[in-house]
Amino acid sequence: MKYLIMIALSVIAIFFSGCATTKPTYDLYWTTTISSNIGGDVGGIYGVKRDEMDISTKIIHLRADVRSATVDKAGNIYWTDITNHGIYKAKPDGSNVQKIISDIYRPTVITIDNTRGRIYWINWLDGLKVEVCFADLDNYEKKIILPNSRMSIRSGSGLFYDAIYDKLYLSDYSGGQIIRIDLKTNEFSRLTYAQQPQGIVVDYKNRRVIWADTSDDSISSVTFDGSDKKVLIKFESQFANPTALTIDKVNERLVYIYGEPKKDLHFLETSNLDGSDRKVVNHSIEHSGSSSLFSID
């Protein structure tokens with residue numbers, strides 16, 4: 001059987017340190033989608049503990065193109081399903097799967113605002129056009145945030161909710177740019193240009209926005225005003241395709257997934273926030289072409 005590793009535009013990492021009575025079951029989550037020449041897409045959502053990142057557990061098995069997932073403060077899991085055109089929810093142990101938002105053409109990436117009780121996602125329409133959407137978790141009614149007339153977004157491959165400053169950060173893979181959305185004003189602005197940006201996260205300690213770039217095989221960052229652009233990690237292998245990353249706030253470490261195409265392997269790796277002191281913590285990320293990681297404070 002011939003497998004094609006698909007870009008799972010979101011793997012989830014949850015480093016939870018809040019006050020909820022129920023915490024997520026795992027500290028780090030990611031999604032995978034495998035496309036084969038028979039049987040269609042096969043996806044899954046995996047989890048690991050912070051102190052046991054070499055041991056992963058498949059929480060949910062899905063026969064679908066699953067690009068992204070996230071978790072609320074009670075540990076419930078949410079994910080986008082392109083095959084079935086919707087957003088789904090399950091309990092922390094993967095049970096009680098239910099479709100909560102329907103009639104979405106191609107939902108790609110997803111993130112959650114636990115303060116408002118709101119979920120955000122990108123709906124990729126026909127051609128190079130996207131909708132930035134949201135719904136409240138108590139009614140799931142879809143609403144659209146309209147971009148400025150001058151702002152063109154061609155795809156959505158990474159999405160991060162900034163709980164401190166109430167902003168969304170969006171990586172536009174096809175448009176080669178990082179977009180910031182002020183949720184108080186719904187103002188869209190371009191933070192910086194990139195090549196093919198995917199997973200994105202905010203480093204509050206150093207006041208920087210960090211993203212993975214598959215075209216450049218790198219992880220890069222800029223300051224909050226879009227200046228001082230720098231490459232934090234440059235991967236040695238061409239087509240390493242780093243696609244997902246997050247920050248472990250407990251250990252103040254970057255966590256990300258990338259591939260070694262010559263060996264057909266994918267790794268979960270950590271580093272300091274400046275990209276130094278890299279350490280592979282899991283050598284067997286199953287068929288994961290990409291991921292997107294996120295944290296809950």
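Note: hydrogens, waters and symmetry copies are ignored here, and every other heavy atom, side chains too, is used.
- For the pair Asn241/Tyr258, no side-chain contact is recorded, criterion being any heavy-atom separation below 4.5 Å from C-beta on.
- With hydrophobic clusters built from ILVMFWY side chains whose heavy atoms lie under 4.5 angstrom apart, Ile60 does not share a cluster with Ile82.
- Remark: the backbone N or O of Ile45 is not paired with any side-chain donor or acceptor of Thr31 at under 3.5 angstrom.
- Looking at Leu168 and Thr111, their side chains come closer than 4.5 Å, going by heavy atoms from C-beta outward.
- The shortest heavy-atom contact between Gly176 and Pro197 is CA-CD, 4.2 Å.
- A donor-acceptor distance shorter than 3.5 angstrom exists from the side chain of Lys99 to the backbone of Asn84, with no hydrogens or angles considered.
- With sequence neighbours left out, the side chain to side chain contact (heavy atoms under 4.5 Å, CB included) criterion links Lys142 to Trp121, Asn123, Glu131, Cys133, Ile144.
- Nearest heavy-atom pair across Ala135 and Glu141 is CB-O, 3.4 Å.
- Under the ring pair (Phe, Tyr, Trp, His ring centres under 6.0 Å) criterion, Tyr165 pairs with Phe224, sequence neighbours left out.
- Side-chain contact between Leu137 and Ile119: present, with at least one pair of heavy atoms (C-beta onward) separated by less than 4.5 Å.
- Side-chain contact between Phe267 and Ile257 is absent, with no heavy atoms from C-beta onward closer than 4.5 Å.
- For the pair Ile59 and Asp93, the minimum side-chain heavy-atom distance is 4.5 Å or more.
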Asp72 vs Ile77, side-chain contact (heavy atoms from CB on, under 4.5 Å): CA-CA, chis, key distance, verdict: CA-CA 7 Å; Asp72 65 21; Ile77 304 170; over 6 Å; no
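- Tyr193 and Gln177 share no side-chain donor-acceptor pair at under 3.5 Å.
- Atom NZ of Lys234 is surrounded by more than 12 heavy atoms from other residues, nucleotides or ligands within 6.0 Å.
- Aromatic ring pairs are classed by plane angle as parallel below 30°, tilted from 30° to 60° and perpendicular above 60°; the pair Tyr204 and Phe160 is tilted.
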side-chain contact (heavy atoms from CB on, under 4.5 Å) evaluation trace for Val71 with Asn76: CA-CA 5 Å; Val71 176; Asn76 298 304; 5.9 Å; no
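- Counting only residues at least two apart or in different chains, salt bridge (charged side-chain N to carboxylate O under 4.0 Å, His left out) contacts with residues 112-121 comprise Asp113-Arg116, Arg116-Asp166, Arg118-Asp136.
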Verdict with supporting geometry, Tyr120 and Ile110, side-chain contact (heavy atoms from CB on, under 4.5 Å): CA-CA 6 Å; Tyr120 295 90; Ile110 194 171; over 6 Å; no
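- Remark: Lys230 engages Asp228 in a salt bridge (Lys or Arg N to Asp or Glu O under 4.0 Å) (not counting sequence neighbours).
- Here the straight-line distance linking atom CE of Met151 with atom CG of Leu146 works out to 14.0 Å at 0.5 Å rounding.
- Taking 4.0 Å as the cut-off between side-chain N and carboxylate O, Asp182 and Lys167 count as a salt-bridged pair.
- Contact detail for Ala212 and Pro242: the closest heavy-atom pair is CB-O, 3.3 Å.
- By the criterion of side-chain heavy atoms lying less than 4.5 angstrom apart, applied directly or through intervening Ile, Leu, Val, Met, Phe, Trp or Tyr residues, Ile104 is grouped together with Ile100 in one hydrophobic cluster.
- A donor-acceptor pair under 3.5 Å is absent between the side-chain atoms of Thr57 and the main chain of Val48, judged by distance alone.
- Ile247 is not listed as a side-chain neighbour of Val255, based on a closest heavy-atom distance of 4.5 Å or more.
- Judged as a side chain to side chain contact (heavy atoms under 4.5 Å, CB included), and not counting sequence neighbours, the contacts of Ser220 are Trp211, Ser218, Val231.
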Check against side-chain contact (heavy atoms from CB on, under 4.5 Å), Lys91 and Val97: CA-CA 7 Å; Lys91 290 184 176 180; Val97 172; over 6 Å; no
Worked check of side chain to side chain donor-acceptor pair (under 3.5 Å) between Asp277 and Ser271: CA-CA 5 Å; Asp277 189 31; Ser271 76; over 6 Å; no
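- In this structure, a donor-acceptor pair under 3.5 Å is absent between the side chains of Thr243 and Gln198.
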Intermediate values then yes/no, salt bridge (charged side-chain N to carboxylate O under 4.0 Å, His left out), Asp81 and Arg67: CA-CA 7 Å; Asp81 183 331; Arg67 298 294 181 93; over 6 Å; no
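- In this structure, Phe188 has no ring pair (Phe, Tyr, Trp, His ring centres under 6.0 Å) partners at least two apart in sequence or on a different chain.
- In the hydrophobic cluster analysis, where Ile, Leu, Val, Met, Phe, Trp and Tyr join through side-chain heavy atoms closer than 4.5 angstrom, Val280 is grouped together with Leu245.
- Here the closest non-hydrogen pair linking Thr223 and Leu191 is O-CD1, 4.2 Å.
- For the side chain to side chain contact (heavy atoms under 4.5 Å, CB included) test, no residue two or more places apart in sequence or in another chain qualifies with His85.
- Qualifying salt bridge (Lys or Arg N to Asp or Glu O under 4.0 Å) partners for Asp225, counting only residues two or more places apart in sequence or in other chains: none.
- The neighbour count for Asp103 CG, taken as heavy atoms of other residues, nucleotides or ligands under 6.0 Å away, does not exceed 12.
- The two residues Val109 and Gly156 come nearest to each other via the heavy atoms CG2-O, 3.9 Å.
- Note: the hydrophobic cluster containing Ile145 also contains Trp124 (ILVMFWY, side chain heavy atoms under 4.5 Å, direct or indirect links).
- Considering only residues two or more places apart in sequence or on other chains, Lys205 meets the salt bridge (Lys or Arg N to Asp or Glu O under 4.0 Å) condition with Glu252.
- At least one donor-acceptor pair closer than 3.5 Å links the side chain of Asp213 to the backbone N or O of Gln196.
- Listed by chain and number, the residues in a side chain to side chain contact (heavy atoms under 4.5 Å, CB included) with Asn251 are Arg50, Asp248, Arg253 (sequence neighbours excluded).
- Taking 4.5 Å as the limit, some side-chain heavy atom of Ile122 sits within range of a side-chain heavy atom of Leu170.
- Contact check for Leu254 versus Ile210: side-chain heavy atoms found under the 4.5 Å cut-off.
- Side-chain atoms of Asn282 do not come within 3.5 Å of backbone N or O of Leu268 as any donor-acceptor pair.
- Residues Ile112 and Tyr140 share a single hydrophobic cluster, defined by chaining ILVMFWY side chains whose heavy atoms lie under 4.5 Å apart.
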Salt bridge (charged side-chain N to carboxylate O under 4.0 Å, His left out) evaluation trace for Asp203 with Arg208: CA-CA 5 Å; Asp203 171 9; Arg208 302 186 71 87; over 6 Å; no
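- The heavy-atom pair separating Ile178 from Ser171 by the smallest distance is CD1-CB, 3.9 Å.
- Between the side chain of Ser174 and the backbone N or O of Arg154, no donor-acceptor pair lies under 3.5 Å.
- Qualifying side-chain hydrogen bond (donor to acceptor under 3.5 Å, both in side chains) partners for Ser102, counting only residues two or more places apart in sequence or in other chains: none.
- Among residue pairs with one or both ends in residues 267-276, those qualifying as salt bridge (charged side-chain N to carboxylate O under 4.0 Å, His left out) are Glu269-Arg278; sequence neighbours excluded.
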